[in-house]
Structure formats: C-alpha cells, structure tokens
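Report on the following structure.
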Amino acid sequence: MKALTQDSVVGTALQTVFSHLAKSLANASRGAVDVADVALSVAPAHTGSDLAFPCFKLARDWKMKPAQIAEEMATALADDPLLSACEAAGPYLNLRLTREAVGRDLLAEILQQGDAFGSSQRQRDEVVMLEYVSPNTNKPLHLGHLRNAVLGRAVARLIASQGAKVWKTDIVNDRGIHIAKSMLAYQRWGSGETPESLGVKGDHYVGSLYVRYEQELKKEKQAWLQAEGIDYEALDEATKKKTDDRFNGSSEQMAATRELLQRWEAGDEAVRQLWRTMNQWVFAGFDATYCRLGIDFDKHYYESEIYLGGKEIIQNALDKGIFKLAPNGAVIAPLSEHGKLQDKAVLRADGTGLYITQDINLATIKFAEYGLTRSLYCIATEQNYYMQQLTATLALLGYEWASNMVHLSYGMVYLPEGRMKSREGNVVDADMLMEELDTLASEALRQRYPDLPDTEVAQRAPAIGLAAMTFHFLVVGKDTDIIFDPKTSIAFEGKTGPYLQYSYARVASMLRKAAGTWQAPEQPSLEEDLEWQLALQLMLFPTVVADAAESYDPSRLASYLVELVQTFGTFYHDHRVVDAEEPARSSRLALVTSFQTVVRNGLELLGIDVLEEM
RNA sequence: GCGCCCGUAGCUCAGCUGGAUAGAGCGACGGCCUCCGGAGCCGUAGGUCAGGGGUUCGAAUCCCUUCGGGCGCACCA
C-alpha cells in the first residue's frame with residue numbers, strides 16, 4: 001500500500017480521519033512538518049495498530065533519534081479524540097483509531113453511496129482516448145489480444161470512475177500486404193466459399209486463407225531452393241536474409257500479391273469489392289468475439305481510411321527543414337539530433353507511407369477531433385522503442401500535445417513452448433479459449449452442484465470462466481510477462497476471479513436471508529478485531545481505485561480485492577452474522593453489505609461480472 | 001554491438017517515490033462442516049531476494065559490475 005498523504009487519500013471517511021490526524025501531527029512537529037507533507041502508512045498486522053507515522057524524516061530537523069521523536073509525539077497526541085491508542089514503537093508512532101466514530105462515518109458513506117463508492121472526480125477535467133486491441137484483419141484474435149482487451153477495458157473503467165471522459169477506440173489494420181495475402185488466397189483457393197456456406201466464423205475463415213497462403217508460399221520456396229541447389233538450413237543468418245530477398249523477388253505468388261495490393265491502392269473496383277466482402281466477414285467475427293468478451297468501442301479507426309494522410313504533414317516538415325532527406329530520397333525524422341533515440345524513416349524513398357506515417361496522421365486526428373487531454377495507447381511492451389520514436393517525432397513536429405501521449409505498455413504473453421507464432425500455428429485462439437473456459441466452468445459447477453439445472457449451468461459458466469481469465473491477466477503487474485499454460489493457468493480456487501465471485505455470492509445469499517429483518521444502526525459497533533480490520537480495509541477502497549487509475553495499473557485493485565476477500569473469509573468463519581444477537585447483528589449486516597458493495601464495485605471496474613448465486 | 005525491461009519459496013507472482021520480523025496463491029503435509037454456501041477457513045514445512053562491490057542510520061528496492069533471461073534497434077506492420 002502506498003503512503004497516505006493529503007493528495008492521495010480519497011473518500012470522505014478516510015479524508016476526515018486523515019486531515020484530522022495530519023493537522024494534529026503537524027501541530028506536534030514544532031513546525032518541521034507541513035500538513036501537506038504528512039505521510040502515514042497502514043500499520044503492519046503484528047502491531048495491532050491501524051495507521052503509523054514514521055518519524056525518520058523528522059529526525060533530521062529535530063536532530064534527535066527517531067525513537068525519541070516517536071515518544072514525544074505519542075505524548076503530544078495522547079488526548080486526541082480520534083485516537084483510542086497512540087504509542088511509540090521504535091521509530092514509528094502507531095495510531096489506533098476510535099472505532100465508534102470512524103466506523104459510523106465509513107459505513108454511512110458506503111451505504112449511502114452504493115455503486116458510486118470508489119469513484120471520484122479527481123480526473124473530471126480529463127478527456128482521454130484509449131486505443132486498444134487494434135487487430136489485423138487477416139487472422140482471428142488470440143491470447144495476446146485478450147490480455148490487451150482485458151487490460152484496456154479495466155484501465156478505461158478505472159479512469160472513467162475518476163470522472164474523466166473516456167473514448168475507447170482501436171485502429172483496425174485492414175490494408176497492406178498481409179491483407180492482400182488473404183485476398184490472393186481466396187481468389188486462388190477459395191472456390192467461391194463463404195463463412196456461411198462453410199459454417200465458420202468469418203475471421204476464422206479469413207485466417208485459414210492466410211495460413212493457406214503461407215503454406216503455398218513455403219512450397220514454392222522449397223521448390224525454388226531445390227532448383228537453385230541451396231541448402232537453406234546450412235546458411236548463416238545474414239545469408240538467409242539475402243536468400244529470402246532473392247526468393248521474394250523471383251516468387252510468382254509474391255509478385256501476384258504485390259500486384260493485388262497495387263490494384264487495391266489504385267482503387268480497382270473488383271479488388272475493392274472482394275476486400276469489402278472479406279472485411280465484413282472478419283468484422284462480423286470480431287464483433288461476436290467482442291460481444292462474448294464484453295468489450296466495446298466508441299469509435300473505430302480504419303487504416304484504409306487514414307493511411308494516405310500524414311504525407312502532407314511530412315512534406316511540410318521537410319520543407320521547413322524539420323525532417324531530412326536521406327541520400328536515396330527517404331524522409332527521415334532526425335531524432336538523434338535532439339535526443340538519445342535513433343533517426344526514424346517516416347516516408348519511403350518511393351514516396352509510399354510507413355506505419356509511422358499513418359500513426360502521425362491518426363494522432364493529430366484524435367487530438368483535433370476530440371479535444372483530448374491525454375491519448376493512451378494500449379500496446380505490448382515490444383513496441384516501447386517505436387512508441388518513444390513516435391512521440392519524439394510528434395514533438396519534433398511541434399505538437400504540444402505530444403507530451404500527453406501515454407504508451408500503456410504491458411508484458412508479453414508466452415506459451416510454455418515460447419512465443420506465439422501464427423504462421424507456425426501455435427497460437428491460442430481467443431474464441432477457442434473462451435469455449436474452453438465455458439467447458440471448465442460448467443464442469444466445475446456440475447461437480448459442485450450436481451442438481452443444478454442445465455439452464456443455470458449455461459447461464460453461470462461463461463461469467464465464471466471469463467472471471468478466471470480476466471483476473472488471471474489483471475492480478476499480475478501490467479509490465480510482467482505472462483507464461484500462459486492452457487492446462488494450468490485457468491484455476492477456480494485460490495487467488496482467482498471465481499474465488500472473488502464466490503465470496504460475493506455467499507454474501508448475497510446471507511443478505512437475502514436477512515432481508516427485511518434489519519436496518520443500518522445509527523451507531524454500529526465494530527468491536528471485534530476482525531470486524532474492524534474489515535472496515536479499515538473497506539475504507540481504503542476509494543484510495544486504491546484512484547491510485548490504480550492514476551498509475552494505469554489494475555493489478556493494484558486486483559491485489560487489494562484478494563486481500564479484502566481474504567479478510568472477509570476469516571471474519572465470516574469466526575463470527576455469525578444472520579443469526580447473531582443484536583446489536584452485533586445489525587452492525588455486522590451493515591458491514592457485510594458494505595463489503596458486498598465494495599466487491600461488486602471493484603469487480604465491475606476490472607470487467608468481471610458478479611453472480612447473485614453461483 | 002547498442003538501448004530498454006527482468007531475475008524474490010519447488011511452481012506462478014506481490015512487495016507502490018529506500019523503513020517494522022520479505023508476503024500471497026498453487027503444490028506438499030496436518031487440521032476444520034449438530035452452525036449464515038467447503039470455489040471456503042486454520043496451521044506446518046519451504047527464501048544468504050541470481051553473484052559480487054558501493055551509497056545510507058537503514059537496501060529486494062538506488063548506483064557500479066558479473067552471470068542468466070526477454071524485447072527492440074531509420075524506408076516490416
């Protein structure tokens with residue numbers, strides 16, 4: 001947990017406590033600490049305290065040992081009405097809050113705010129665009145897209161919960177040589193089939209055409225190598241590359257592909273028609289996947305619509321001398337003259353655009369059309385260097401908003417056997433994985449509740465399976481590479497999405513039983529340590545959400561939720577709720593209701609559905 | 001060759017501008033249903049935080065270095 005400061009603390013109950021304590025501590029510090037500089041930490045469990053004030057920083061000003069300072073501060077704060085105990089423990093001043101006052105304020109806040117508890121207006125002036133998923137249209141979505149989608153959705157929701165306006169977009173890579181490949185494959189080997197006639201999803205069908213293309217090209221290459229008398233595997237890397245270039249130059253299939261691309265660029269109506277048809281197949285497939293996953297977009301950008309832009313921007317910059325001409329005529333952004341990055345080509349020698357050409361164009365379109373204060377790019381870590389170059393290039397062009405571009409970088413997803421390679425077929429397909437999740441969740445349900453009707457199984461299983469996958473991706477830090485083993489990565493027990501869902505469902509069941517038999521007490525009593533510990537953790541929720549949003553890191557929220565649910569598990573085990581005696585009963589029901597609210601709000605932010613019954 | 005990231009328990013990972021006895025989950029072993037849902041709860045074993053230096057009152061965290069891994073490096077997308 002991050003240190004609590006005036007700036008980081010969110011939520012009325014915690015803010016009230018904090019500002020009171022910060023004032024008291026500042027007053028007792030002989031002017032050495034300003035209220036704005038007071039930093040408290042959550043006290044470790046073994047101390048039996050709630051919050052702690054570390055006295056190391058004061059030691060410099062007071063020229064005393066931290067332990068002595070803690071002693072002195074303890075006497076100064078001894079009579080504070082918000083503290084039930086205040087004791088020095090070595091260099092720390094440990095603070096125990098009065099449970100009555102704090103507990104009352106906190107439960108009142110949560111019960112009154114309900115779904116809004118955890119949200120704030122800290123980012124109310126922000127207009128943020130988040131670009132995520134951004135698929136190619138020549139193959140179906142895979143595991144990597146799933147991590148991207150799940151992370152992007154959670155970040156979008158977190159930022160929106162802080163009052164920002166969030167636009168979710170993607171850039172659909174729907175043109176270029178890879179698209180021409182699937183098109184050529186369809187012309188040559190498609191024999192008039194359609195996804196409907198074959199009964200497959202459109203994106204899968206186009207993906208299979210792309211695979212066919214690569215297979216045929218490989219055959220041609222083998223024949224060519226044999227004819228040339230080349231033992232390819234015996235070559236060193238550099239020679240391999242040269243050989244590849246020679247083959248690509250002489251390949252009939254490659255030549256046909258390039259010609260198809262040229263006709264597409266020239267606007268050849270027959271080619272365009274085929275392209276539109278195949279695109280529609282793919283988009284229908286993507287939509288089905290997004291729908292099942294629960295992902296949506298406010299706006300799609302298509303590479304085919306923006307790839308021609310950007311050239312004027314580049315020409316202008318060239319005229320002004322911002323960009324340079326390479327000896328062979330390519331246009332270069334001279335990044336090395338302004339920083340540590342290497343120069344980047346922004347236009348080919350033949351005048352055609354590169355990926356960065358359209359990225360420059362798209363970035364300007366986004367800021368111009370939406371008046372953004374920030375533009376986020378949810379893209380894997382392998383693009384770190386490229387994103388730095390893109391940002392630096394835009395800064396070089398004089399766009400002030402370039403500093404408001406954020407690369408929301410995340411770690412790679414590997415399989416146990418290594419990197420996914422679609423050309424070699426070892427990819428985990430998104431649709432197949434979701435199907436597998438459904439199956440596993442259904443089996444788990446049947447095993448646990450043999451009498452559950454099939455309709456109920458069918459209704460609950462998808463939510464449980466997706467929760468497992470989503471939480472698996474979100475609970476680790478976003479920069480951490482993930483090795484995804486389909487056999488072991490999906491679990492329903494322990495630190496998992498279904499564990500959180502289960503805890504929620506169990507609470508929902510309790511509250512149904514107690515419905516109508518209680519009302520929130522004016523003055524709840526949270527005297528039991530576990531009651532109080534739970535309340536204290538609930539109080540931190542809005543702060544955790546704000547921190548996760550500001551650091552673009554849902555794992556902070558995910559970890560928090562696990563700890564919270566673990567605390568609840570212990571509390572639930574040790575204390576009766578529904579059949580407890582009053583007045584404890586009402587207090588505990590209010591506490592449990594608050595817990596339910598926090599779990600529901602937290603999972604919602606992560607993109608995980610809760611279940612009233614599981 | 002250069003740049004960025006990483007190396008923490010058998011496995012998968014937390015550890016948030018340096019701070020209290022380095023924490024979870026899985027796996028292993030042992031407990032817990034006359035009681036609100038056992039996808040649960042409790043306990044035991046398991047770590048010279050890759051190795052070596054340094055800075056500091058204090059280092060898993062910062063600096064240097066060695067080793068080991070990943071990603072990337074101007075006309076691919």
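Keep in mind that what you see is a predicted model, and the values were worked out from it rather than measured. Proteins get letters first, then strands, A, B, ... in listed order; numbering begins at 1 in each.
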Worksheet item: For the pair made of CD in E581(A) and P in C36(B), what is the distance, rounded to whole Å?
Response: 16 Å
Worksheet item: Hey, is E493(A) close enough to R448(A) for a salt bridge, meaning N to O under 4.0 Å?
Response: yes
Worksheet entry | Interatomic distance at P, G15(B) relative to C2(B), whole Å | 31 Å
Worksheet item: With a 4.0 Å cut-off on heavy atoms, is A59(A) in touch with a base, just the backbone sugar-phosphate, or nothing at all?
Response: nothing
Item to complete: In whole angstrom, give me the gap between the C1' atoms of G3(B) and U8(B).
Response: 26 Å
Discussion item. So that I can tick it off, tell me whether E456(A) and R460(A) are bridged by a salt bridge, with the cut-off set at under 4.0 angstrom between side-chain N and carboxylate O.
Written reply: yes
Discussion item. Over all strands shown, is I464(A) touching base, sugar-phosphate only, or nothing at heavy-atom distances under 4.0 angstrom?
Written reply: base
Practice prompt. Remember a base hit wins even if backbone is also touched, and classify D579(A) as base, sugar-phosphate or nothing at under 4.0 Å, heavy atoms.
Written response: base
Worksheet item: So, is T480(A) near the phosphate of A14(B), with a side-chain N or O under 4.0 Å from OP1 or OP2?
Response: yes
Practice prompt. Check every strand shown and say whether Q383(A) touches a base, only sugar-phosphate, or nothing at a heavy-atom separation below 4.0 Å.
Written response: base
Discussion item. Within the 4.0 Å heavy-atom criterion, would you say G329(A) contacts the bases, only the backbone, or no part of the nucleic acid?
Written reply: nothing
Worksheet item: Taking 4.0 angstrom as the limit, do D245(A) and K242(A) come out as a salt bridge?
Response: no
Worksheet, complete the sentence: By nearest-heavy-atom nucleotide on RNA chain B, the more 5' of H178(A) and K344(A) is K344(A)
Discussion item. Check D547(A) with K2(A), please: is the shortest side-chain N to carboxylate O separation under 4.0 Å?
Written reply: yes
Fill in: Nearest-nucleotide 5' precedence on RNA chain B, Q389(A) against G477(A)
G477(A)
Worksheet entry | Ring-ring centroid check F56(A) Y92(A), cutoff 6.0 Å | yes
Fill in: Rounded distance (Å) that lies between atom C1' of C26(B) and atom NE2 of H472(A)
12 Å
Worksheet entry | Distance test, side-chain N/O of R576(A) to OP1/OP2 of C35(B), below 4.0 Å | no
Worksheet item: Just checking Y385(A): base, sugar-phosphate only, or nothing, at a heavy-atom cut-off of under 4.0 Å?
Response: sugar-phosphate
Discussion item. For C41(B) and Y499(A) - does any side-chain N or O of the residue sit under 4.0 Å from the phosphate oxygens OP1/OP2?
Written reply: yes
Discussion item. Base, sugar-phosphate or nothing for D485(A)? Non-hydrogen atoms, less than 4.0 Å.
Written reply: nothing
Worksheet entry | Y410(A) six-ring centre to R147(A) NZ/CZ under 6.0 Å and within 45° of normal | no
Could you list all N or O pairs between the protein and nucleotides 56-60 of chain B that sit under 3.5 Å apart?
none

Practice prompt. Using a cut-off of strictly less than 4.0 Å between a heavy atom of the residue and any atom of RNA chain B, enumerate the qualifying residues of residues 555-574 of chain A by number.
Written response: R556(A), Q566(A), G569(A), T570(A), Y572(A), H573(A)
Discussion item. Which residues pass the salt bridge (charged side-chain N to carboxylate O under 4.0 Å, His left out) test with E305(A), not counting sequence neighbours?
Written reply: none
Worksheet, complete the sentence: From the list F568(A), F571(A), Y572(A), ring pair (Phe, Tyr, Trp, His ring centres under 6.0 Å) partner of F595(A) resolves to F568(A)
Fill in: Short N-O contact, E582(A) and R585(A), less than 4.0 angstrom
yes
Item to complete: Name the nucleic acid region contacted by H575(A), choosing base, sugar-phosphate or nothing; use a 4.0 angstrom heavy-atom cut-off, strictly under.
Response: base
Response to the item:
Winner on side-chain proximity to L445(A), out of A39(B), C76(B), C13(B), is A39(B)
Discussion item. If you take any heavy atom closer than 4.0 Å to RNA chain B, which residues from residues 412-419 of chain A end up in contact?
Written reply: Y414(A), R419(A)
Considering only nitrogen or oxygen atoms on both sides, find all protein atoms under 3.5 Å from nucleotides 20-22 of chain B and state each distance.
{"residue": "A20(B)", "atom": "O2'", "partner": "H46(A)", "partner atom": "NE2", "Å": "3.2"}
{"residue": "A20(B)", "atom": "N6", "partner": "N94(A)", "partner atom": "OD1", "Å": "3.3"}
{"residue": "A20(B)", "atom": "N1", "partner": "N94(A)", "partner atom": "OD1", "Å": "3.0"}
{"residue": "A20(B)", "atom": "N1", "partner": "N94(A)", "partner atom": "ND2", "Å": "3.3"}
{"residue": "U21(B)", "atom": "O4", "partner": "H46(A)", "partner atom": "ND1", "Å": "3.3"}

Discussion item. Expressed as a whole number of angstroms, how long is the span from K495(A):NZ to C41(B):P?
Written reply: 14 Å
Discussion item. Does a side-chain N or O of Y502(A) approach OP1 or OP2 of A39(B) to a distance below 4.0 Å, or not?
Written reply: yes
Fill in: Protein-nucleotide distance (L347(A), atom CG; C76(B), atom C1'), rounded to Å
15 Å
Fill in: Base-paired stems that RNA chain B participates in, counting runs of 3 or more Watson-Crick or G-U pairs under 3.5 Å
B:1-7 with B:67-73, B:10-13 with B:23-26, B:28-32 with B:40-44, B:50-54 with B:62-66
Worksheet item: Roughly, in whole Å, what's the span from CG in L437(A) to P in A39(B)?
Response: 20 Å
Item to complete: Assign N173(A) to base, sugar-phosphate, or nothing according to its heavy-atom contacts below 4.0 angstrom with the strands shown.
Response: nothing
Item to complete: Determine if the base of C5(B) is syn or anti; take syn to mean the glycosidic torsion is within 90° of 0.
Response: anti
